[in-house]
Protein chains: 2
Amino acid sequence: MRASRRPGPGAHDVTRTILRGPTIAAHEPPVEPPPAARTGRRVPARRPTMKDIARRAGVSESAVSFALNDRPGVSETTRSRVRRVADQLGWRASTAARALSGEGAATVGLVLARPASSLGIESFFLQLVSGIQEVLSERHLGLLFRVVAGAEEECAVYRRWWAEQRVDGVIVVDPRIGDPRPALLDSLGLPAVVVGGREVDREPQEPVPYPVISTVRVDDAAAMGAIVEHLAGLGHRRVVHVAGLAGLAHTTRRVASLRAGAASLGMSAVRSVTTDYSEGQGAEATRLALAGPEPPTAIIYDNDVMAVAGAGVALGMGLSVPRDLSVVAWEDSALCRATHPRLTALDRDATAFGRRAAEELVGLLGGRPARDVAQPTPELVVRDSTAPPLRG
Amino acid sequence: MRASRRPGPGAHDVTRTILRGPTIAAHEPPVEPPPAARTGRRVPARRPTMKDIARRAGVSESAVSFALNDRPGVSETTRSRVRRVADQLGWRASTAARALSGEGAATVGLVLARPASSLGIESFFLQLVSGIQEVLSERHLGLLFRVVAGAEEECAVYRRWWAEQRVDGVIVVDPRIGDPRPALLDSLGLPAVVVGGREVDREPQEPVPYPVISTVRVDDAAAMGAIVEHLAGLGHRRVVHVAGLAGLAHTTRRVASLRAGAASLGMSAVRSVTTDYSEGQGAEATRLALAGPEPPTAIIYDNDVMAVAGAGVALGMGLSVPRDLSVVAWEDSALCRATHPRLTALDRDATAFGRRAAEELVGLLGGRPARDVAQPTPELVVRDSTAPPLRG
DNA sequence: CGTCAGCACTAATGCGCTTTAGGGACGCGT
DNA sequence: ACGCGTCCCTAAAGCGCATTAGTGCTGACG
């Protein structure tokens, strides 16, 4: 595995450019034929380095560096010539070398801490990632991706990435209640953007933001408000909220917002139950709610899969959606449009969300100070799964 | 952004270890206090380097390198002492430095060339990725992830990654009919694993495999055979196959296998139509098929979302699943279990698939020669959406 | 008692790039 | 004619690690 690619010390190339001055320099000094041509065996292409450019352009390596990085110190003539040679050779800076000389790794990291099984059901993440990509790729930043089982492991990954100099910053998802990650990242000095972060006016115990950590907020309260208003307007008084993971900050926010909204709108009975987002627990929660004493006339699900599963359960119990039960999904997707009836859903635009987060991180890496930015409130798309309740 | 972290040339540390021999060496020579302690300002932790270890362990950097890489050249005593110091300091090799000294980037790449919109609906990919991760992470390999719009862009990404020394190998998905990627990767000498690759006995025009490109095959023919057999056994004679993207190799294979299987089982009318995997086109194809002259009694969908959408369309047209129409999804997921009726589906185990691919790539990187490995044939999970046709 | 092998370890070099410290050549002012 | 500043450009150092070529030192062997 460890091939000895190195020439012996005696083989060191001592060719030097003698001629001076750009106009009379030898543009194409006698270059030895590429090794492939000599050996006949197919050798994978060698990547060109700045040394190659320097030789062919008849200047020093430093001049090449200045020229290619738009730094002063070379004439325009030389700069353009160097550029041309670089293009011609198909040169790209080695990120390893760049990183080593202090430029950073040109990479940002993203860790998903969810059990593998629940990953596939969350279409949200892939869309988020593709939004992130749109921004990163135009800046030629790489995305280092990792799936882990839990929070501790996630922290270990950050530590490792930092120590290995693998990333310049990270995007943190699924903020939790007593989240250890911001403090960790801050202590490492690793710039980060927390997506779906704190609600400024709702969790004031959160102290002043860390200097290198931005937050992209979503207004869960307003979103839940829209849902509650919609349901109350239809006449629903008994609502169940099949929420997501108990530890997540946005779960807490949604639960609280539901309670607050319901109170102000005079709903008699609302309650939330937490789940692991799986269709199994969604179905089970639905079954329990509908079989209970005062069954709800509407259920709000924290994701699309559970909503579909719940609607299926209702159907199986002989109920009709939306006649006997209204269903709202917190997350619009193909799923909500594909099922029958089509589900009323909250459209979050995960792609835009990812874009926003990536932009913020890019800003941070560029030296912009950390801040909180707000993401537009998601829109409730009313479809066929919500209607006035039959029995009051 | 470009902070001058560098000490002047005069500041070079000339401290030297005078004492010789491991047992009497000064284990903890007078170390200057960490900068943070001096300045008082919070400074992000500096990552320890081998030089730090060397100093504290009282040995040379080379000795440290030998010790930490399990290479001969140091005594066991020294080795363990160095290890201890390294642990204590929380040292991790900088991947940048490692890459620069020829060890590779310790990273593999994965490019998804699908429109962003269609990404979210394919739960397959996230599961594939999480399977890949399971293997990569235990080897401490990173996964560089990229979403692009099309095939040319994908090739450009490979080129760039190669030139920038960002990855040691890549995992290629969605093999196409006249796929340019294997040849490109081969010419770059970039090890790769193609997942869902060629069917050995079905596309003999494919020449001898490239020396650094392995393939993880799936037996689409056998899978389609199982489906056809199941449907034929129930008595279906008119079947429509709502397939995926026309250019993909596996689409071609499935279409061909369906035709072959149907012929051998005496089905009268089978046909395939290609789509973009979206629920919209799945619904549309279903509508067209059911409204046509000889409507099918069963439809096979190339993914779960289209299957659900198709079932919805049938419902909307007043048909009952499975009484009037049987539905099979090529891809099992929460979706298939959550809808009502639950869908008969082909369970591919995308996670295992990813694991397999990653293992193969790791082998390749370790010097194992390229080869074709077969993934177990997916299993047909029969649920409630398939039954004997009512009208023959 | 000289010699040579073998061991434990250090010095030095290179990977590809950035950056700092010069170093000639030229022009301008006195 | 000399000093001085500018402009272009080169030399050299350094980032953190792996690796190769030594370098003393010990012990065994003749």
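Values reported hereafter were calculated over all heavy atoms of this structure, with side chains retained and with hydrogens, waters and symmetry mates removed. Order of the sequence lines fixes the chain letters, A, B, ..., with proteins taken first and strands second; residue numbering starts at 1 for each chain.
In this structure, the side chains of B:Val82 and B:Leu68 come closer than 4.5 Å at one or more pairs of heavy atoms.
With hydrogens and angles left out, the side chain of B:Ser62 and the base of C:dA11 share a donor-acceptor pair within 3.5 Å.
A salt bridge links B:Asp70 with B:Arg83: the closest approach of a Lys/Arg side-chain nitrogen to an acidic carboxylate oxygen falls below 4.0 angstrom.
Note on A:Thr78: every side-chain N or O is 4.0 Å or more away from OP1 and OP2 of D:dC8. Not one side-chain nitrogen or oxygen of A:Arg98 sits closer than 4.0 Å to the OP1 or OP2 atom of C:dG16. Distances shown here put a side-chain N or O of A:Ser60 below 4.0 Å from the OP1 or OP2 atom of D:dT10. Regarding contacts with the backbone of D:dC7, every side-chain N or O of A:Ser75 stays at 4.0 angstrom or more from both OP1 and OP2.
The CZ-P distance, from A:Arg71 to C:dT19, rounds to 5 Å in whole Å. Rounded to whole Å, atom P of C:dG16 lies 9 Å from atom CZ of A:Arg47. Computed from coordinates, the A:Glu76 CD to D:dC8 C1' distance equals 12 Å when rounded to whole Å. Rounded to whole Å, atom C1' of C:dG14 lies 15 Å from atom CE of A:Met50. Between the C1' atom of C:dC15 and the CG atom of A:Leu100 lies a distance of 9 Å, rounded to the nearest Å. Atom CD of B:Glu61 and atom C1' of D:dA18 are 11 Å apart (whole Å). Atom-to-atom, CG of A:Leu89 to P of C:dG16 comes out at 13 Å; the value is rounded to the nearest Å. Distance CZ (A:Phe66) to P (C:dG16): 20 Å, rounded to an integer number of Å.
In this structure, the nucleotide among D:dC9, C:dC9, D:dA18 sitting nearest to the side chain of B:Val74 is C:dC9. The side chain of A:Ser101 lies closest to C:dG16 when the candidates are D:dG16, C:dG16, D:dT19. Comparing C:dC15, C:dG16, C:dT18 by their closest approach to the side chain of A:Asn69 singles out C:dT18. Nearest nucleotide to the side chain of A:Ala63, out of C:dC17, C:dT18, D:dT10: D:dT10. Nearest to the side chain of A:Thr49, among D:dC17, D:dA18, C:dG16, sits C:dG16.
Dense packing is recorded around CZ of A:Arg160, with more than 12 heavy atoms of other residues, nucleotides or ligands lying under 6.0 Å away. The environment of B:Arg47 atom CZ is dense: over 12 non-hydrogen atoms of other residues, nucleotides or ligands sit within 6.0 angstrom.
Taken from CG in A:Leu89 to CZ in A:Arg84, the straight-line distance is 12.0 Å, to the nearest 0.5 Å. One finds the CZ atom of B:Arg166 at 6.0 Å from the CG atom of B:Leu144 (value rounded to the nearest 0.5 Å).
Among the heavy atoms of the strands lying under 4.0 Å from A:Ser65 is at least one base atom, whether or not backbone atoms are also near.
Position along DNA chain C of the nearest nucleotide to B:Ala97 versus B:Gly73 favours B:Gly73 as the more 5'-ward residue.
Contact record, A:Ile171 with A:Tyr158: O-OH, 4.2 Å, taken as the closest heavy-atom pair.
Residues passing the ring-ring contact (aromatic ring centres under 6.0 Å, His included) test with A:Phe145 are B:Phe145, sequence neighbours excluded.
From one end of the helix from C:dC1-D:dG30 to C:dT30-D:dA1 to the other, with five pairs defining each end axis, the axis direction shifts by 70° (rounded to 10°).
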